[in-house]
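Written out below as structure tokens is the structure these notes cover.
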Amino acid sequence: MGCRGACAPRTQYRTGTVAQAMMTDRVQINQLADHVGAEVTLAGWLFGQRKGGKVIFLLVRDGTGLCQCVVSADTESAFANATTLTQESSLRLSGLVRQDDRAPGGYEIAVTAVEPVQLADEYPITRKPHGIDFLMNHRHLWLRSPRQTAILRIRHRLIRAMRDFFDQRGFTLIDTPILTPGAAEGAGTLFPVDYFGDEVYLAQTGQLYLESAAMALGKVYCFGPTFRAEKSKTRRHLTEFWMIEPEIAFAELPDLANLAEEFICALVHAALTDCRAELETLERDLEPLQRIQAPFPRITYSEAVERLHSDALHEQLEAALTADRERLNAWRAELEQTEAERAAARKGWQQERLDRTLHQLRERIRELEADLQNRPLHIEQAKQFAWGKDLGGDEETILSRQYDRPVIITHYPRDVKAFYMKPDPNDPRVVLNLDVIAPEGYGEIIGGSQREEDADALLARIDAEEMTPDSYQWYLDLRRYGSVPHGGFGLGVERTVAWICGLRHIRETIPFPRLMGRLTP
RNA sequence: UCCGGCGUAGCUCAAUGGUAGAGCGGGUGGCUGUUAACCACUAGGUUGUAGGUUCGAGUCCUACCGCCGGAGCCA
């Protein structure tokens with residue numbers, strides 16, 4: 001990946017007069033603590049600056065961190081170069097590393113030479129707040145902000161943890177096709193693609209292919225993008241997202257639930273162990289994450305429905321509603337007071353600070369108001385939830401708020417689930433499936449099941465759903481040549497990242513989100 | 001597809017139906033320790049588009065466009 005100091009091309013330092021002064025080692029900002037007292041070279045971009053008459057503070061970022069670099073007017077050439085720098089200009093600089101409590105991060109560089117690489121045009125993203133539309137339109141630049149780089153690092157760490165988890169347990173990575181004929185499930189949610197005159201679709205799961213690989217290798221997983229053409233416009237949806245799916249031969253539902261539980265614990269552990277600084281940047285409350293430990297509560301769909309109907313739950317929901325209404329009133333009072341302060345404020349910076357507070361406060365109030373308006377309806381719907389319907393987002397949220405860790409819900413009604421799920425031998429109305437609902441309202445992050453391994457039963461399901469058996473002959477073959485109990489699940493990478501990072505919206509979890517009505521950049 | 005909200009300077013937002021403003025960002029000048037620095041000056045607008053009501057519309061009405069949130073559907 002990144003080019004560390006040792007492999008930086010030396011030839012670049014031999015051009016230009018300023019560059020000649022830079023004979024020192026190139027280091028990354030996150031390694032500065034190891035170079036106190038040494039003369040080093042940084043290469044990066046100007047994140048911000050503050051100018052005094054005879055001193056300039058450059059805030060430089062290099063992808064590993066931020067460093068304050070102090071340029072004194074005594075170093076004439078460096079000072080002259082530094083005055084020309086605009087926000088996000090690329091540069092190299094060298095100087096002495098020293099510890100200083102006044103510097104953000106505790107270390108700074110006393111600059112001896114500055115070499116602008118390119119002077120940036122007026123940069124559209126300032127260090128002040130921006131609206132989401134503006135930021136999304138500048139996603140290619142927005143990625144440079146500390147918050148976004150923190151999210152991208154956590155995403156990377158979690159993806160590594162996902163692959164490590166399966167690799168260490170003897171799973172083999174199988175790449176499944178992205179161009180697929182026909183539909184595994186309803187065709188309305190697929191993106192059609194012209195394939196030499198035929199209509200094919202972008203894959204929405206690798207599962208069917210994975211099942212055949214599981215019969216070859218025992219334990220397999222796939223990891224890749226999936227595509228859903230659903231016209232969803234919510235904070236939990238993307239049209240293109242990444243999913244990791246294990247599939248295991250000779251596995252039954254309890255094995256899958258155990259694996260899912262262990263898997264999620266491993267992911268949270270990786271983030272807590274290796275991404276403390278990033279989580280802090282995001283102001284993620286760590287306490288709910290630290291509680292994520294096995295065993296997770298496991299309930300059946302029928303138990304979940306009973307719970308939705310229970311008086312105890314409804315008393316609890318009403319109490320929460322009352323508490324939140326009081327919270328709203330408190331915020332409104334706070335808003336009024338802040339508005340008065342704002343009206344009285346004379347200094348520009350005071351006004352600016354108060355405006356920021358007001359903005360956040362108004363947003364929070366708007367959000368809670370909408371939530372409070374919807375909630376009585378949701379509570380009512382929960383009370384009247386009919387056995388046989390699929391659990392919706394609201395029901396999931398209500399149920400997951402009962403627990404301080406992910407909840408595993410199993411045995412959903414057969415009619416709302418896919419044809420390949422194996423019915424429960426003890427109650428054929430339900431299937432041997434599992435969903436894992438993340439805490440804190442983040443919704444379903446895992447869905448999976450034990451698969452129907454009997455050829456006749458599977459064919460009957462294909463007929464019942466009025467699907468075309470011809471397109472599934474190869475899939476039925478798996479049940480004709482040494483069929484075994486097997487199953488697997490899929491975990492949505494972005495929803496998991498959103499949960500662990502504590503993000504309001506899934507669009508920040510992926511570098512270039514694809515949403516309904518947004519395809520660029 | 002349905003419901004709700006918003007659209008004013010490059011950005012974030014103000015503006016009882018009555019002279020379109022502030023902060024940030026840009027430019028110029030000042031300041032040797034700043035912490036999203038500060039101080040002074042300065043440029044910057046067909047108020048999303050098209051109609052309508054009115055003596056007068058950023059503000060009210062209608063349609064359209066765009067964005068945001070939610071429902072449905074889902075990971």
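- Using the six-membered ring where Trp is involved, A:F419 and A:Y475 have ring planes that are perpendicular, over 60° apart on the 30 and 60° scheme.
- A:G52 comes within contact range of at least one nucleobase, with a heavy-atom separation under 4.0 Å.
- In this structure, A:R236 reaches the bases: a heavy-atom distance under 4.0 Å links it to at least one base atom across the strands shown.
- Relative ring orientation between A:H138 and A:F134 is described as tilted, the plane-to-plane angle lying within the 30° to 60° band.
- For A:R235, a side-chain nitrogen or oxygen approaches OP1 or OP2 of B:G70 to under 4.0 Å.
- Distance noted for atom P between B:A22 and B:C39: 15 Å (whole Å).
- When heavy atoms are screened at a 4.0 angstrom cut-off, A:H130 is found touching the sugar-phosphate backbone but no base atom.
- The base of B:C73 is paired with the side chain of A:S232 by a donor and an acceptor separated by under 3.5 Å.
- Distance from the side chain of A:F134 is smallest for B:U12 among the nucleotides B:G25, B:U12, B:G33.
- Rounded to an integer number of Å, the gap from CE of A:M516 to C1' of B:C2 is 11 Å.
- Here the separation of B:C41 from B:G52, taken at their P atoms, is 44 Å to the nearest Å.
- Pair assignment for B:C55 gives B:G18, based on Watson-Crick or G-U wobble hydrogen-bonding distances that are each under 3.5 Å.
- At least one donor-acceptor pair under 3.5 Å links the side chain of A:R228 to the backbone N or O of A:Q204.
- Nucleotide B:G45 forms a pair with no other nucleotide shown, judged by Watson-Crick or G-U wobble geometry with both contacts under 3.5 Å.
- With ring centers used as reference points, A:F263 lies under 6.0 Å from A:F166.
- With B:C74, B:G72, B:C67 as the choices, the nucleotide that has an atom nearest any side-chain atom of A:D133 turns out to be B:C67.
- Between the CD atom of A:E396 and the P atom of B:G70 there is a distance of 15 Å, rounded to whole Å.
- Rounded to the nearest Å, the gap between the C1' atom of B:A57 and that of B:U46 is 14 Å.
- B:G27 and B:G44 have their C1' atoms separated by 11 Å, given to the nearest Å.
- With the nearest nucleotide of RNA chain B identified for both A:L515 and A:L491, A:L515 has the one nearer the 5' end.
- The side chain of A:D394 sits closest to B:G72 out of B:G72, B:G33, B:A75.
- Nucleic acid contact for A:D390: sugar-phosphate only, since backbone atoms but no base atoms lie under 4.0 Å from a heavy atom of the residue.
- If you take atom P in B:C38 and the same atom in B:C2, they sit 48 Å apart, rounded to whole Å.
- Both distances falling under 3.5 Å, in either a Watson-Crick or a G-U wobble arrangement, place B:A50 opposite B:U62.
- Using a 4.0 Å heavy-atom cutoff across all strands shown, A:R98 reaches at least one base atom of the nucleic acid.
- Spacing of C1' atoms, B:G45 relative to B:G5, comes out at 25 Å, to the nearest Å.
- Atom-to-atom, NE2 of A:H138 to C1' of B:G25 comes out at 13 Å; the value is rounded to the nearest Å.
- Among the atoms of the strands shown, none is found under 4.0 Å from any heavy atom of A:L59.
- Across all strands, A:Q87 comes closer than 4.0 Å to no nucleic acid atom at all (heavy-atom distances).
- With B:C24, B:G26, B:A75 as the candidates, the nucleotide lying closest to the side chain of A:T126 is B:C24.
- With hydrogens and angles ignored, the 3.5 Å screen pairs no side-chain donor or acceptor of A:S400 with any backbone N or O of A:P439.
- Put simply, CH2 on A:W499 is 14 Å from C1' on B:A75, counting in whole angstrom units.
- Annotation: A:H130, atom NE2; neighbour count of heavy atoms from other residues, nucleotides and ligands within 6.0 Å is above 12.
- A side-chain donor-acceptor contact under 3.5 Å links A:Q148 and A:E508.
- Separating the C1' atom of B:A40 from that of B:C55 is a span of 43 Å, rounded to the nearest Å.
- Across all strands shown, the partner of B:C38 is B:G30, judged by Watson-Crick or G-U wobble contacts whose two distances both fall under 3.5 Å.
- In this structure, A:R155 atom CZ and B:A75 atom C1' are separated by 13 Å, rounded to whole Å.
- Close to B:G69, at under 4.0 Å from its OP1 or OP2, lies a side-chain N or O of A:H505.
- Using a 4.0 Å heavy-atom distance criterion, A:G492 is classed as making no nucleic acid contact.
- Among the atoms of the strands shown, none is found under 4.0 Å from any heavy atom of A:G443.
- Taking atom CZ of A:R50 as the reference point, atom C1' of B:C24 lies 15 Å away to the nearest angstrom.
- For A:R518 and B:C68, the shortest distance from a side-chain N or O to OP1 or OP2 is below 4.0 Å.
- For A:E39 and A:T112, the side-chain atoms include at least one donor-acceptor pair closer than 3.5 Å.
- Taking the C1' atom of each, B:U42 and B:C24 are spaced 16 Å apart, rounded to whole Å.
- Below the 3.5 angstrom threshold, one finds no donor paired with an acceptor across the side chain of A:Q49 and the base of B:U34.
- Note on A:P124: nothing from the nucleic acid sits closer than 4.0 angstrom, heavy atoms only.
- The separation between A:K51 atom NZ and B:G29 atom P is 10 Å, rounded to whole Å.
- Aromatic stacking of A:F57 on B:G33: not satisfied for centres closer than 5.5 Å together with planes under 30 degrees.
- Within the shown strands, B:G70 is the pairing partner of B:C2 under the Watson-Crick or G-U definition, both distances less than 3.5 Å.
- In this structure, CD of A:E245 is placed 14 Å from C1' of B:C74, rounded to the nearest angstrom.
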- [ ] Would you please test A:T509 and A:R507 for side chain to side chain donor-acceptor pair (under 3.5 Å) and show each step?
- [x] CA-CA 6 Å; A:T509 62; A:R507 66 188 155 213; over 6 Å; no
